[in-house]
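Read through the structure below, which is laid out as structure tokens, and then see the notes.
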Amino acid sequence: MTVNDTPIGSRTHLDNDNANDKPSRPPHFLEQIIQGDIQSGKTPQIVTRFPPEPNGYLHIGHAKSICLNFGLAETFGGVCNLRFDDTNPAKEDQEYIDAIIRDVEWLGFRWQGDVRYASSYFQQLHDWAVDLIEQGKAYVCHLTADQAREYRGTLTEAGQNSPYRERTIEENLAEFTKMREGHYDEGTCVLRAKIDMASPNMNMRDPILYRIRKQTHHQTGDDWCIYPTYDFAHGQEDAIEGITHSICTLEFADHRPLYEWFVQHLPVPSEPTQYEFGRLNLNYTVTSKRKLKQLVDEQHVDGWDDPRLPTIAGLRRRGVRPEALRKFCDMIGVTKSDGVVDVAMLEHAIRDDLDKNAPRAMCVLNPLKVTLTNYPEDKTEVMHAQGHPNRDDLEERELPFSREIFIDADDFREEANKKYKRLVIGKRVRLRNAYVIEADECVKDEQGNIVEVKARVIEGTVGNNPEDGIKPKGVIQWVDGKQHATFDVALYDRLFTDESPDAGDKDFLSLINPSSLEKKTQCVGEIGLANAVVGTTYQFEREGYFCRDTRSEILTFNRTIGLRDTFVG
RNA sequence: UGGGGUGUAGCCAAGUGGUAAGGCAGCGGGUUUUGAUCCCGCCAUGCGGAGGUUCGAGUCCUCCCACCCCAGCCA
């Protein structure tokens, strides 16, 4: 006979209504500020934005920022823009834009209107630069980069005014035009704001507004050869879009006076306010874009979506669901202190989500044949298994059962102490969703390896305990010997053995965990797994959570994370 | 040594002058056909330190200490 081999867990709606069990949490400082701004009437509707530079893939730290910005808009009835801060064509690429859009969508957020680009405001930004020149508040400086550094002073000493600082407005206008028209080579001059070379805040020492980059831009092509700096662009972009709360990370706090200076001195259409929060630091992982790029470029990992990477794409390929990431971001909070979050917290969020939502299946990683000597050779019956132990909305599975089955080699021992709850010769074990069996003997090869176990089923124990009252101590998973799926499995572990591979001057490459990936072949699983759905993460009972890999040519499952294991002994 | 920021348990984090929430981790115990989940209990006489104000201080004041960020024509 054949059994129903429709893929298990194929329903598209796996979710319970997670919104209902969202625990209430005290509002964090940004929520308190916004609440006040709404109540006072200052910002009846808030507008936030997520402003990535397309120079790499998004990682879990960005997820925190995304959840914050989109989340704030969501909870306060506002909107959030997705804007690429693409002011540096030398480092950016369309590939990153596409990947970032995909990741934000996957996380489940929707932005207001179209995707925005800082580059679409280049003309306005240029005109405002001219405005500043006309106000006598900006000048073209021909100091070289090295000279400029010397003139800038140090943290404890004031800088010196540039010799070009007192050029006339007319001269500056003419020079800036020459810059824009390409008469100057890269690095020969810049446009600077005229603020205060003695400011204790380095950012106010005549910051650069425009620099020359004779590069083709991924959005604007060759329209421009001068590009605005972050400082000159960001606040004005926010003002153009009517952003009310411009949220960034702590390291930008001392840019705030400059952010405000531009908003004050330029005829911008709105006055956004910048707020800073502490970026996410996770132990045992790196989140610096430079290091992630190096891991990818030097092929220490299998691309930006390698399941061991903390990139959104990597977490997705690993089998983590967006709900888990959002839960994690909610758990860690938003403050101005820069702590290091324990990965155990991320792992908890992942397990918590998957436990509630992953359809169950049985899989045997290290197959060991078990022959049920008292079971007829030509008989096959169908066992029934729940899709999920606490949910009846997930499809029930039908499991063929016959004389020969596979169990995991780790689940059998010739002899063992009382703590071992699996199969032992002379003892009984429950086959999950099937019979209780008792082992009689095992067969070994010339090397002494156990290659087969001979056991007996105890009659009448499907759904019941043995009539003789001798109950098995444990339950193990199994797979039918005839009808099953065969596949490879990739067991992932943390990429770094060191708690802080990202710290200062460490040679992070030398801290890579040599066993962060263990590949297994010839694993067997219940027949439905042959048609496993990409994008669904299953729980392989007693083993952990697994999802079908998106890249492998042969059927392969990636281990998202193991089950919590509190077994001691 | 200039400026900006932060210090509450092993980790994250509430607390907004009235006597230290919650989560993670850990440790006990219960349920269980997943050594999972779930449930129950334990886990800061203490809030970076020292003074001070107050009937009362994690919250206010003073001084001190530690850590993070800033001297890119990166963001």
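Every chain is numbered from 1, with letters handed out A, B, ... down the list of sequences. Quick caveat, the model's predicted, so the values are computed rather than measured.
- In summary, the side chains of A:Tyr230 and A:Glu237 do not present any donor paired with an acceptor at a separation below 3.5 Å, with no hydrogens or angles considered.
- For B:G2, the paired nucleotide is B:C70, the pair qualifying as Watson-Crick or G-U wobble because both relevant distances are below 3.5 Å.
- Across the protein-nucleic acid pair, A:Asp338 atom CG and B:U6 atom P stand 10 Å apart, rounded to whole Å.
- With hydrogens and angles left out, the side chain of A:Arg542 and the base of B:U34 share no donor-acceptor pair within 3.5 Å.
- Side chain A:Arg25 to base B:G23: no donor-acceptor pair is found below 3.5 Å.
- Here B:U62 sits opposite B:A50 as a Watson-Crick or G-U wobble pair (both hydrogen-bonding atom distances under 3.5 Å).
- A donor-acceptor contact under 3.5 Å is not formed by the side chain of A:Arg564 with the base of B:U37.
- Nearer the 5' end of RNA chain B, as judged by each residue's closest nucleotide, is the contact made by A:Pro27, out of A:Ala344 and A:Pro27.
- Salt bridge A:Lys327/A:Asp330: absent, no basic N to carboxylate O contact under 4.0 Å.
- With a cut-off of 3.5 Å on both Watson-Crick or G-U wobble distances, the partner of B:A75 is given as none.
- The same atom, P, is picked in B:A36 and in B:U19; the two are 39 Å apart, to the nearest Å.
- Checking B:C42 for Watson-Crick or G-U wobble geometry (two distances, each under 3.5 Å) identifies B:G26 as its partner.
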Audit row: A:Tyr259, A:Asp238, side chain to side chain donor-acceptor pair (under 3.5 Å) steps and yes/no: CA-CA 10 Å; A:Tyr259 183 104; A:Asp238 287 339; 2.7 Å; yes
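- Between the base of B:U34 and the side chain of A:Glu543 there is no donor-acceptor pair shorter than 3.5 Å.
- Straight-line distance between the P atoms of B:U59 and B:G46: roughly 15 Å, to the nearest whole Å.
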